[in-house]
Chemist: 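Input: one structure, supplied below.
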Amino acid sequence: MKGFPRPVSVVILLLFAGLTARAQSTSRVTGTVNDRSGAVVQGAQVTLTNQATGVAVSSTSSSAGTYVFDGIVPGTYSITVSAAGFSTL
């Protein structure tokens, strides 16, 4: 039989199955931080907190005011945004 030995083939298939299952159970949260006038806010600290577990992850808004959280499991979250010179929301 040519190709991979049987145990290696099974391991490779299990790895791909795990990646597929994991990809289906996470999501992405994105947004843009703006001030009251609509201008983007660069360098704002954005914190995403899972309400059920209390686990928090943080990101900093880009020069375009955008932030991204990848690999987020489904659930209910709160977002806190803070930046120098602004009230925390």
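Computed from a predicted model, the values in this text were never measured in an experiment. Computed from heavy atoms alone, side chains included, the values below leave out hydrogens, waters and symmetry copies.
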Chemist: Quick one, Tyr77 and Val29 - any side-chain contact, counting heavy atoms below 4.5 Å?
Modeler: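 Not touching, per the 4.5 Å side-chain cut-off.
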Chemist: Kindly write out the residues that satisfy side-chain contact (heavy atoms from CB on, under 4.5 Å) with Val55, not counting sequence neighbours, or none if the list is empty.
Modeler: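 Counting only residues at least two positions away or on another chain, Val55 forms a side-chain contact (heavy atoms from CB on, under 4.5 Å) with Thr53.
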Chemist: Taking all atoms of both residues into account, what is the closest heavy-atom pair of Thr49 and Ala56, and its distance?
Modeler: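 Looking at all heavy atoms of both residues, the shortest contact is OG1-CB, 3.6 Å.
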Chemist: What residues, two or more places apart in sequence or in another chain, satisfy ring pair (Phe, Tyr, Trp, His ring centres under 6.0 Å) together with Tyr67?
Modeler: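 Phe69.
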Chemist: Quick one: does Ser61's side chain have a donor or acceptor within less than 3.5 Å of a partner on Gly43's backbone?
Modeler: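 Confirmed, Ser61 side chain pairs with Gly43 backbone.
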Chemist: Please name all residues satisfying side-chain contact (heavy atoms from CB on, under 4.5 Å) with Thr76, sequence neighbours left out, ordered by chain then number.
Modeler: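 Gln51.
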Chemist: Can you see which heavy atom on Ser58 is nearest to which on Thr47, and at what distance?
Modeler: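 Taking every non-hydrogen atom into account, OG-OG1, 3.2 Å.
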Chemist: Excluding sequence neighbours, so at least two apart, what forms side-chain contact (heavy atoms from CB on, under 4.5 Å) with Ser63?
Modeler: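 By the side-chain contact (heavy atoms from CB on, under 4.5 Å) rule, Ser63 matches Gln42.
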Chemist: Quick check: is Val68 connected to Leu48 through a chain of hydrophobic side chains (ILVMFWY, heavy atoms under 4.5 Å apart)?
Modeler: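 No, Leu48 and Val68 fall in different hydrophobic clusters.
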Chemist: Could you check if a side-chain atom of Thr30 sits within less than 4.5 angstrom of a side-chain atom of Thr66, using non-hydrogen atoms only?
Modeler: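 Sidechains of Thr66 and Thr30: no contact.
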Chemist: If you take all heavy atoms of Ser25 and Pro74, which pair is closest and at what distance?
Modeler: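 The pair with the smallest heavy-atom distance is O-CD, 3.0 Å.
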Chemist: How close do Ala64 and Val40 get, heavy atom to heavy atom, and via which atoms?
Modeler: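 It is O-CG1, 3.3 Å.
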Chemist: What's the shortest heavy-atom distance between Val41 and Asn34, and which atoms?
Modeler: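 Shortest heavy-atom separation between Val41 and Asn34 comes out as CG2-C, 3.9 Å.
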Chemist: What residues, two or more places apart in sequence or in another chain, satisfy salt bridge (Lys or Arg N to Asp or Glu O under 4.0 Å) together with Arg36?
Modeler: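 Testing Arg36 for salt bridge (Lys or Arg N to Asp or Glu O under 4.0 Å), a comparison that skips the adjacent residues, returns none.
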Chemist: Name all residues meeting the salt bridge (Lys or Arg N to Asp or Glu O under 4.0 Å) criterion together with Asp70; count only those two or more places apart in sequence or in a different chain, and write none if there are none.
Modeler: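 Asp70 satisfies salt bridge (Lys or Arg N to Asp or Glu O under 4.0 Å) with Arg28 only.
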